[in-house]
Structure formats: structure tokens, C-alpha cells
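Values below: every heavy atom of this structure, side chains too, minus hydrogens, waters and symmetry copies. Note that this is a predicted model, so its numbers are computed, not measured.
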Amino acid sequence: MQFKDQIDFIRQHMKRNKLRVATTILAATMGCAFLIVLASIGFGLHQTITNDVLDNNLVTEIEVAGKSGEETDLAPSEIPDGEVQKMREMDHVVAVVERTQPDADTQVAIGERSAYSRVVLSSMEEEQKSGFGLSEGKMPAAADEIVIGYHMASQLLTEAEQEKQANGEEVTGFSGSLIGQTIEVQLTPYMNEGDEKTEMSSWEFVVTGIAKEPTKDWMTDTSVYADSSWGTVFNEELGLQPGYENILVYADELQNVGGITNALKEDGYYVYSVTEELGKMNVFFNALKAGLIFVGTIAVLIASIGIFNTMTMAVTERTREIGVMKAIGAQPKLIRKLFLMESAAIGLIGTALAVAISYGISMLSNWLIPIIVMSSLGEEQPENFTLVISTIPWQLVVIASAISIGVAMVSGWRPARKATQIDIIQALRQEM
């Protein structure tokens with residue numbers, strides 16, 4: 001019996017029992033679609049949170065929080081320069097930035113306008129290597145040049161504007177560009193209880209660049225980024241001890257962040273990188289997705305009951321046909337194959353429909369649910385709102401298809417085996 005004849009044999013039977021076969025396919029479709037849609041929620045939430053972490057962090061940045069010494073832990077400021085240089089010489093490290101902040105209250109002034117700020121001292125050369133982002137301007141080339149935070153201009157207010165802002169009125173701040181402007185940085189040492197009042201000291205700097213906007217909407221950046229050589233000047237002038245230091249290691253690519261992080265840990269450093277957070281999330285979401293696939297598989301197993309009943313009825317109704325096939329020499333292997341092909345066809349058609357329906361439901365939910373959520377909160381959906389409720393990767397389609405078609409074939413196995421055990425004489429005696 002040629003393969004074409006086998007297909008015709010299966011098609012004729014399915015045509016004769018259209019309603020029963022259609023309802024069985026519908027059950028298989030619903031089961032498989034439920035599996036895909038349910039699991040896609042886990043994939044969608046995983047993607048949403050991963051994107052949020054990546055958007056809110058510089059993905060190639062590794063923060064060194066200190067090092068474990070033989071007797072006590074070392075803060076970043078206590079790590080010897082030689083060890084920092086070794087970090088710079090590590091494979092796939094493009095920059096190691098050491099940032100310090102003077103232990104002083106900071107204000108920035110230009111004319112009658114002023115704003116609270118903070119001074120970040122760092123090597124401008126290393127900052128440039130790390131990919132320090134600017135919204136406009138350029139990196140400093142001289143010691144008296146600085147980069148200011150993205151929101152500095154909007155925070156530079158006159159006394160009258162500060163009063164308006166305190167009363168809840170809207171103010172615009174400095175109008176025009178600060179690039180090329182000379183600003184005054186005023187530092188006043190922090191005072192402890194009982195300390196004598198200290199006077200403010202000030203320095204003038206030229207603005208050459210403005211830092212890019214922070215990734216988090218709620219952050220306001222009014223920092224002043226100056227060359228690290230000013231640290232000694234500030235400390236001597238104000239009588240300060242070295243301030244807080246932060247060491248940041250930058251990898252060339254995201255895929256190398258994990259290796260650098262592990263190497264630093266082996267050397268005894270306390271580190272944090274985006275891969276640490278993603279690793280913990282991946283463990284949780286992999287378990288969640290596996291659980292959702294398991295629950296969805298139960299729906300497919302329930303649908304398999306319908307396939308089993310349909311195939312059992314098919315064997316009963318075609319007993320005489322099976323007997324005739326055996327009488328003319330059909331082997332049990334061929335008969336079993338025909339019924340397995342029929343159950344597989346039901347599973348295949350149901351899976352194809354389920355995949356198409358699942359993609360439709362996924363797209364609809366990703367469009368509709370964020371609108372419903374924002375409407376319930378009484379807010380308009382922002383342009384950069386990227387809540388992903390459901391996503392269907394090709395791996396999920398492959399897994400769901402394998403489960404659905406596999407369950408369909410298993411459901412048809414016993415009826416197919418029963419067909420091979422039908423007695424020829426009894427089958428031929430059966431009335432049509």
C-alpha cells in the first residue's frame with residue numbers, strides 16, 4: 001500500500017465522521033493553545049523584567065564594593081593603586097573608573113541662580129573609555145573644565161523662583177545652553193555636632209558637556225563631574241579627609257561581564273553586576289515557566305481523552321474494513337501505522353490551529369491589557385511603556401508542538417494496537 005493510498009484511506013474516514021473528528025480537533029486545539037498561552041505569560045513577564053533591568057543599568061558595568069582582607073574588609077578607597085591597575089589589565093576590561101566625592105555640601109551658582117549639587121571626581125580619560133554618555137557637548141580636555149548633570153539647567157533657580165517652586169508653582173530654571181558657561185562650585189564641609197562653623201570655598205569651572213539623561217524617570221542628575229586631580233585641592237583647602245570612593249569596572253561586551261565578575265570574586269573582591277541580578281531572575285523564571293508548561297500539559301492530556309475515544313470508535317466502526325485488509329495480505333504493522341497516522345493528523349491539525357490562535361491572543365493581550373491597566377490607574381499610557389504580558393518564542397512553539405503531537409500519538413497507540421488484534425473471520429462476518 002503506497003503512502004498516497006494511506007493518506008487517502010485516512011482522509012476518507014475523517015470525511016465520513018466530520019463532526020466527531022472536528023470536535024476532537026477542537027479539543028486538541030484548545031488544550032495546546034492553553035499550554036502555549038499560559039507558558040507565554042511566564043516568558044512575557046521574564047522579558048519585561050529583564051528589559052527593565054537592562055534599561056536601568058549600564059549592562060557592562062561591574063561595581064567593586066570592596067575586598068576581603070586577611071584580618072578585615074577593605075573599602076574601595078583602601079584598595080591599593082597597584083590592584084586597581086591589575087583590574088585594568090584584565091582581559092575584556094576597557095576601563096576602571098575610580099569616583100570620589102568630597103565630604104562637603106555642594107552648591108553650583110551662575111549669576112543669581114544656584115542649585116544644590118554633588119561633585120564627582122574621576123579620571124576623565126577613564127570615563128571616556130567607559131563610554132560616559134553626553135547629551136551634548138564634549139568631554140573635558142583641561143583641569144578647569146567639567147561636565148554637569150542632565151537636569152542642572154532646570155534646577156538653577158533664582159531666590160524668587162525657589163519661593164515659587166516651594167509654593168507649588170512651575171518654574172523653568174536656566175534658559176539657553178550651559179555649554180561654554182563659567183559656573184561657580186561652592187563647597188562647605190559637613191559639620192558634626194560641636195564643630196566650629198567653617199566657611200564656604202568656591203572654584204570656577206567651564207562647562208564643556210552635559211551628561212545624558214538618567215534611565216530612571218524619577219532620578220534628577222545635578223552632579224558636577226570634574227577631574228580627580230581636584231580631590232587633593234579640595235581636601236587641602238577645606239581640611240577634609242578623602243571622601244567616599246566607588247570603583248567601577250567596565251567590560252567590552254555584556255557576554256564578558258560574567259567572566260570578569262567571577263574573576264574579581266575569586267580575587268576576593270565584593271562585586272555587583274547586572275549578570276548577578278539577571279542570574280537570580282533567570283532561576284526564578286525558568287522554574288515559573290516549567291511550572292506553567294506542566295500545568296498546560298494537563299490540559300493537553302485532558303484533550304487526549306477525546307482522541308482516544310475517537311480512535312477507539314474508528315477501530316470499532318471499521319472492523320470489517322480491517323478484516324478485508326488482513327484477508328488480502330495487509331500486515332499488522334501497516335494497520336497500526338494507519339491508525340497512528342490518523343491520530344497524529346488530528347494532533348498536527350490541532351497544534352497548527354493552536355499556534356495560530358495563540359499568536360493572535362498574545363498580540364491582543366499585549367495591546368489591550370496595558371491599556372486596561374493604565375485606565376484603571378487613571379493615567380495615559382506613556383510612549384515608552386513597554387509592558388509585555390505575553391511572548392511566544394520559537395522554543396515554546398517547539399515544546400508545545402512536541403507535547404501535543406506526542407500525546408495525540410500515544411492516545412492512538414492502544415486503539416491502533418487493538419486494530420491489529422482483530423480476528424479476520426469475525427471481522428468478515430460483521431455486517432456493514
Side-chain angles (χ1 to χ4, degrees), residues 22-57 59 215-218 254-255 274-307 346-408:
T23 54
T24 305
I25 291 175
L26 178 61
T29 300
M30 293 176 62
C32 185
F34 180 78
L35 166 60
I36 295 175
V37 171
L38 186 64
S40 73
I41 296 174
F43 283 92
L45 294 177
H46 191 184
Q47 179 180 327
T48 297
I49 296 178
T50 299
N51 290 343
D52 182 66
V53 171
L54 294 178
D55 288 343
N56 292 329
N57 291 274
V59 296
T215 55
K216 298 178 182 178
D217 295 337
W218 49 265
L254 174 60
Q255 63 188 19
V274 68
T275 57
E276 299 279 292
E277 192 169 348
L278 291 177
K280 295 176 183 177
M281 287 195 313
N282 288 339
V283 172
F284 170 77
F285 278 105
N286 287 338
L288 175 64
K289 288 183 282 190
L292 293 175
I293 290 175
F294 175 77
V295 173
T297 302
I298 295 176
V300 177
L301 291 175
I302 294 174
S304 70
I305 298 174
I307 298 176
I346 293 174
L348 187 62
I349 296 171
T351 299
L353 293 173
V355 171
I357 293 172
S358 299
Y359 273 107
I361 294 175
S362 179
M363 289 186 288
L364 180 63
S365 62
N366 287 332
W367 170 73
L368 185 60
I369 293 180
I371 296 176
I372 295 174
V373 171
M374 297 307 296
S375 297
S376 64
L377 296 175
E379 300 176 4
E380 293 184 1
Q381 183 173 335
E383 294 181 0
N384 59 347
F385 191 70
T386 55
L387 176 61
V388 179
I389 300 298
S390 169
T391 185
I392 305 176
W394 66 267
Q395 296 94 330
L396 176 58
V397 174
V398 171
I399 292 172
S401 299
I403 292 174
S404 181
I405 297 173
V407 167

Which atom of Ala299 lies closest to which atom of Phe34, heavy atoms considered: CB-CD2, 3.5 Å

Reported CG-to-CD1 distance for the pair Leu26 and Ile346, which is rounded to 0.5 angstrom: 12.5 Å

Stepwise side-chain contact (heavy atoms from CB on, under 4.5 Å) test for Gln395 and Val398: CA-CA 5 Å; Gln395 296 94 330; Val398 171; 5.7 Å; no

Considering all heavy atoms, the nearest Gly296-Leu38 contact: N-CD2, 3.9 Å

Partners passing side chain to side chain donor-acceptor pair (under 3.5 Å) against Asn282 (at least two apart in sequence or in another chain): His46

Residues that Thr297 engages under side chain to side chain donor-acceptor pair (under 3.5 Å), provided they are two or more places apart: none

Stepwise side-chain contact (heavy atoms from CB on, under 4.5 Å) check, Ser390 with Ile361: CA-CA 9 Å; Ser390 169; Ile361 294 175; over 6 Å; no

Verdict with reasoning, Ser404 to Leu35, per side-chain contact (heavy atoms from CB on, under 4.5 Å): CA-CA 9 Å; Ser404 181; Leu35 166 60; 6.0 Å; no

For the student: nearest non-hydrogen atoms of Cys32 and Ala354, plus distance: CB-CB, 3.5 Å

Backbone of Ile25 reached by a side-chain donor or acceptor of Thr29 within 3.5 Å: yes

Rounded distance (nearest 0.5 Å) linking atom CG of Leu353 with atom CG of Leu348: 9.5 Å

Minimum-distance pair of heavy atoms, taken over all atoms of Ser365 and Ile389: O-CG1, 4.2 Å

Nearest heavy-atom neighbours spanning Tyr359 and Ile392: OH-O, 3.4 Å

Nearest-0.5 Å distance that lies between atom CE in Met363 and atom OG1 in Thr391: 11.5 Å

Least distance between heavy atoms, Ala39 atom then Leu292 atom: CA-CB, 4.0 Å

